[in-house]
Structures are given as C-alpha cells and as structure tokens.
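All remarks here apply to the structure that follows.
When a residue number appears, it is its place in the shown sequence, counting from 1. First listed ligand is number 1; within each ligand, the first listed atom is number 1.
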Amino acid sequence: MNPEADAARPRHLLDLAAWSPTQVAALFDTSDVMAQVMTRTIKKVPALQGFTVGTLFFENSTRTRLSFERAARAQSADVISFAAGASSLSKGESLKDTLKTIDAMQADLYVVRHPAAGAPHQLTAWTDAAIVNAGDGRRAHPTQALLDAYTFKTRFPGFTSFEGIKLAIVGDVAHSRVARSNAELWTKLGAQVTLCGPRTLLPDELGERPGVALTHRLTEAVEGAHAVMALRLQHERMAGPLLPSLAEYRARYQVTRDALALAHPDALVLHPGPMNRDVEIEGALADGPRSVVEAQVANGVPVRMAVLYTLLVGGKGRDR
Ligand code: CP
C-alpha cells in the first residue's frame, strides 16, 4: 500500500471543481502514455486486468460511450453495459434499484450519463464503486473538456501553458454541459474563455466565473481566438422555441471560414459532436485543415484510458 499516493488519487470524476491544474497535468501526462499505446500494432495493455467497468447510459451517446468502452478494453478491463432504452426502467424500476441491480454484478467503476444534473453525484451514495460523470443534464461533461483541452495542447509541439490562450465557445451555451466544463477547465489552466450566443441561449451567470466573458457578437468572440468551439442547438433540452428564426441564427452565429479569418492565424476549430453541418458550423470548415473534430474523437480514447487508470490504479499500483 502507498497511503500518500492513495490520498492524492481522486475517488470520482464528477466534475472538474476538485481537480487541481497539477492533477490535470498529470492526467495529460498519463494520456500521452496511453496515446502511445494506441499507436502500437497491438493496442492493448494489461493495466486494468481484473477490473470491471460498467457504462450506464440513461441518455443517448455515440462518442462518449464507445470511447469509454474502447478505453477500458484497451487496458484489459471487463465491460458491462447498460442502455436505458433496452432496460427494465420501462417497467418502473427506479434509478437506485437499477444501480443496486448492476452493482450486484460487481463493477469497480461506473461511467454514468443521465439527463438529470447531479445524478452521478447521487449514485456515489449508493455504491462503493468509483463514478465517472459522462454528462449530467446541462451541468458537466468533464471528460469532454479534458479531451478538448488535450487535443488543443497536443496540436502545438512544445506547448507549455494555457496562459494567454483564448477559447471562443459559440452556440447554445445555455443547455451545454460541454460549455460549462470547458469554461471551468480552460480558465483553471490559465486561458480566457469567451462564451457567445443569442440572449436566450447565453445565461448571464456563466459570465461570473473569473476568466470568462460573454458576448452576443460572433466577431467579438472569434477575434484573436486560438480555439473556436461550435455547439449544436440542443432542441431536446428546450422547453419551447427560443429562437425567432433558424435562418437568422445561422446568419449570426454559424462558425464559418469567413468568421475564422478573424481568429489567430493558427486557430483550431473544435466541435464536441454530434454536428449539425451548416447550422452551427459550416460543413466546409468542419472538413477543413483547421478542424480537429476527428482528433477530438481519437483523443477521447487515451484521455479516458488515463481517467480510468488514474481512478482505479493511480499511483497506488495494483496492490488492492
Ligand atoms: N460529445 C459527446 O458527448 O458525444 P456523444 O453524445 O455522442 O457521446
């Protein structure tokens, strides 16, 4: 046993509030090691052999779920998967009983996505397993922010610091856990974040975090930015119509090649997916040389490998 390493090892990843810049840097270092594993012919290491990871998705997902499962299997962990649509939730089983049922099958860590903010926190009271938040309502999506920042950092050889870096996040900020987690992470690392969207999709309180600015003008957000992230309109979280006209929204807020011309000459274009081409992002920009959308997906695997490894093993070794 190594009590010091164990004390430093975070128990869960519910959001990024409790993660220090030093812990994030250590996670990125581990991600570098995992990224190297993913370049090998045999993309598998025994690091998590004997552990079981459960993926509990109460909301749809393509990228997050598949990359967590890939990340677990690439480290030789076993995976059990729960998808709400194919479960006994429809027969009236509660969230607690659902977790207790799956927990009886002895997983060590659960990756949880849920439409209700705070659901992953609630699950920590009902299981001894580690919990990773894979997106809870509009509140947090910490691994998306980690892979976004990691993608930015790794595109610039010799990159040392986020100090002075400007990130613009454009679109439906109000309903976006990705915007909230990225604003939290990038400012924690020293960057400035500008959130941009129409008044109905840009809550004032998000501008209260130090290092975060709000604007309703796309040109102001993008000017001089080193990274521009487009967000889709989350119609599924809107109680009613929040935009008078989709055509007007596209004209004012679509991230286009013309808009990117105002950014830093080396600016990168990010999108967490799923994309609605030619709505929040110009299709040609998404496919262009400044776009790192595919790299974000690829980096999701090593970053999530690092998250699983850090929570399950960390500096402690395998003496559990
Ligand atoms: N970015 C993201 O969370 O994508 P999925 O909904 O496909 O997991």
Heavy-atom contacts with [X] under 4.0 Å: which atoms of ligand 1 show up? List them by number with element.
X	value
Q144	1 (N), 2 (C)
T64	2 (C), 3 (O), 4 (O), 5 (P), 8 (O)
G273	1 (N), 2 (C), 4 (O)
T62	5 (P), 7 (O), 8 (O)

Min heavy-atom dist G135 to ligand 1 below 4.0 Å
no
Any E59 heavy atom less than 4.0 Å from ligand 1:
no
Counting only nitrogen or oxygen atoms and a 3.5 angstrom limit, does R65 reach ligand 1?
no
For ligand 1, which is the ligand I care about here, please tell me if P274 has any N or O atom under 3.5 Å from one of the ligand's N or O atoms.
no
Mark yes or no for whether Q122, through its side chain, and G118, through its backbone, hold a donor-acceptor pair below 3.5 Å.
no
Of the protein's non-hydrogen atoms, which lies at the shortest distance from [atom], and what is that distance?
atom	value
atom 4 (O) of ligand 1	R63 NE, 3.0 Å
atom 1 (N) of ligand 1	P272 O, 2.8 Å
atom 6 (O) of ligand 1	R113 NH1, 2.8 Å

4.5 Å side-chain heavy-atom contact, [X] and [Y]:
X	Y	answer
T64	H141	yes
F57	V111	yes
Y253	R217	no
Q192	T187	no
T310	L13	no

Check this for me: does any side-chain nitrogen of one of R139 and D15 sit under 4.0 Å from a carboxylate oxygen of the other?
yes
Quick one: are the ring centres of Y110 and F82 less than 6.0 Å apart?
no
